Amino acid sequence: MASPTTLDAILSLCKRKGFVYQSSEIYGGLNGAWDFGPLGVELLRNIKDAWWKEMTYRPDIVGIDSSILMHPRVWEASGHLQQFSDPMIDNKTSKARHRADTLIEEYANRLRAKGKTDQATRVESALHAAASNEELHAIIVSNAIPDPISGTTDWTEVRNFNLMFKTYVGPVEDVSNTVYLRPETAQGIGIAQIGKSFRNEINTKNFLFRTREFEQMEMQFFVKPGTEVEWFDYWRQARWDWLVNHIGIDPTHLHRKPHEKLAHYAAAAEDIEYLFPFGWGEIEGIHSRTDFDLGKHQEFSGKKLEYVDTVTKDRYTPFVIETAIGATRTFLAVLCDAYAEEEMPTVDGGSETRTVMRLKPSLAPVTAAVLPLVNKDGMPEAADAIMRNLQRSIRVEYDTSGAIGRRYRRQDEVGTPFCVTIDGQTITDSTVTLRERDSMQQTRIHADALTEEIGRRLNG
Ligand code: GAP
């Protein structure tokens, strides 16, 4: 099922409304880096808070915040230094660098779009079977796959390009001082952790989907060897349920993708994919990683990382079930899922388009907008008192500019679930109207009951 939302519509709303801006915009921008504006930070924070509560408000998980810069041996032990790379190929004419597998995949997609299904299937099968850079190169050459920019086929060999950003500790830039910005939060061996990760991605694309700086929410759950299958199943279900029930993603826009090729240390792995406007893309991975990470860190550090059961006195290196989700990528999925354009009748019998962000109310950057109908007759003063009262427990925006209908539309567009309107009647009997974003229904309630009523609807 194709999603009707386009990425361009999301991008332009994000920029217009202050969710996300291009990094270093006045200098022409920096690829793969984005700034979160006033509404964006609130939404991102609400997603992270929902994850933190889900993962750490339970007796068997705690959180930590490990440093971004770590001893370089960490990345040797984890295998990132040797293996965390993409196969890259350069076109000698355009000087453009591409991921070799993506180049082949996109070529097969173009063949399929032209109705050359057999040839597309042959190319895809060759890609799935390819086990080395030489084989990827052979597919590109034998199919004369052209560079999308220059149209030529003068390619270099396929080479591995490590995705870790390198820097130096101290003033001397030499090998002994090299450190890496972490490419995942996991190797701090967290338990539960939220934080920035960095990958020198070759192709940053699709807005927040693949960026060079991003945030992850990862958790390692340590289990007794022999119980990993049961815990893997538990976490695949728990993570799906969280996305649906706490983040509000439509389950028909999600699917599970078990890994066909497992890493040598992995016992099982499954991705949860979301149907973005550009197609299915991973948002979370659930991995049963055996004792690979702890085993490697024991070997490289020389320190024991064993668990001793206080009752049975059993001693073992725990197995790990990891859940790894991108906070910024989930933010994009949330926006895509919430965005809707709908036709609405106007008072003069015509119709207009209402853009509405159907965010789960608990995630919305602004919970309620307080709107005095006119800027006189005691309404601003009454509205101000109501706003001060509400903002003790929720995030409130105050808006006095323009016709009330336009103000509702502005709030709909950024996903504000409730609008509180102060009118002439408020001055006489202290009642207000409470408008609900999705149904647009308005109910009249006493101003003193607002906090409780909004709280009830938020948790309902
Ligand atoms: N510790 C395991 C790990 O990092 P991963 O599949 O490489 O696994 C986990 O990353 C999640 O992090 C992905 O599902 C995605 O949501 C997010 N992620 C990874 N690379 C990203 C990038 N370049 N930009 C945005 N999010 C990314």
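Atoms considered below: every heavy atom in the structure, side chains included; atoms not considered: hydrogens, waters and symmetry mates. Remember, it's 1-based here, ligands and their atoms both numbered in the order they're listed. Please read all numbers here as calculations on a predicted model, not as lab measurements.
- Between His137 and Trp155, the distance from one ring center to the other does not fall under 6.0 angstrom.
- Residues Glu25 and Lys15 are paired through a salt bridge, judged by an N-O separation under 4.0 Å between the basic side chain and the carboxylate.
- For the pair Arg199 and Phe214, the NZ or CZ position fails the cation-pi test of under 6.0 Å to the six-membered ring centre and within 45 degrees of the ring normal.
- Of all the listed residues (Glu218, Lys205, His287), Glu218 holds the heavy atom that lies closest to atom 1 (N) of ligand 1.
- By the 3.5 Å distance cut-off applied to N or O atoms, Ile283 is counted among the residues near ligand 1.
- Annotation: cation-pi pair Arg73/Phe300 absent, no NZ/CZ under 6.0 Å from the ring centroid and within 45° of its normal.
- Shown in contact with Glu184 at under 4.0 Å from a heavy atom are these atoms of ligand 1, numbered in order with element: 1 (N), 2 (C), 3 (C), 4 (O).
- From the protein, the heavy atom lying nearest to atom 25 (C) of ligand 1 is Phe209 O, 3.1 Å.
- Close approach of ligand 1 to Gly326 is summarised as follows: ligand atoms under 4.0 Å from at least one heavy atom of the residue are 11 (C), 12 (O), 15 (C), 16 (O), 17 (C).
- Of all atoms in ligand 1, listed by their number and element, those nearer than 4.0 Å to a heavy atom of Glu282 are 6 (O), 13 (C), 14 (O).
- Heavy-atom contacts of Glu201 reach the following atoms of ligand 1: 22 (C), 23 (N) (cutoff under 4.0 Å).
- Relative ring orientation between Phe19 and Phe331 is described as perpendicular, the plane-to-plane angle rising above 60° on a 0-90° scale split at 30° and 60°.
- Distance from atom 19 (C) of ligand 1 to its nearest protein heavy atom, with residue and atom name: Arg199 NH1, 3.5 Å.
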task: Begin from the C-alpha positions of His246 and Glu54 and carry the test side chain to side chain contact (heavy atoms under 4.5 Å, CB included) through to its verdict.
output: CA-CA 9 Å; His246 293 265; Glu54 172 80 359; 3.7 Å; yes
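- For atom 24 (N) of ligand 1, the nearest protein heavy atom (residue, atom name, distance) is Thr211 N, 3.0 Å.
- Residue Ala186 has at least one heavy-atom neighbour below 4.0 Å for each of these atoms of ligand 1: 1 (N).
- A salt bridge links Arg289 to Asp293: at least one charged side-chain nitrogen sits closer than 4.0 Å to a carboxylate oxygen.
- Set against the non-hydrogen atoms of Glu322, the atoms of ligand 1 under 4.0 Å away are 1 (N), 2 (C).
- Among residues two or more places apart in sequence or in another chain, the salt bridge (charged side-chain N to carboxylate O under 4.0 Å, His left out) test is passed with Asp438 by Arg358.
- In summary, the atoms of ligand 1 found under 4.0 Å from a heavy atom of Glu284, numbered by their order in the structure, are 14 (O).
- Here the shortest heavy-atom distance to atom 12 (O) of ligand 1, taken over Gln216, Gln220, Glu215, belongs to Gln216.
- Geometric assessment of Arg239 against the ring of Trp235 yields a negative cation-pi assignment under the 6.0 Å and 45° thresholds.
- Looking only at protein heavy atoms, the nearest one to atom 18 (N) of ligand 1 is Phe214 CE1, 3.6 Å.
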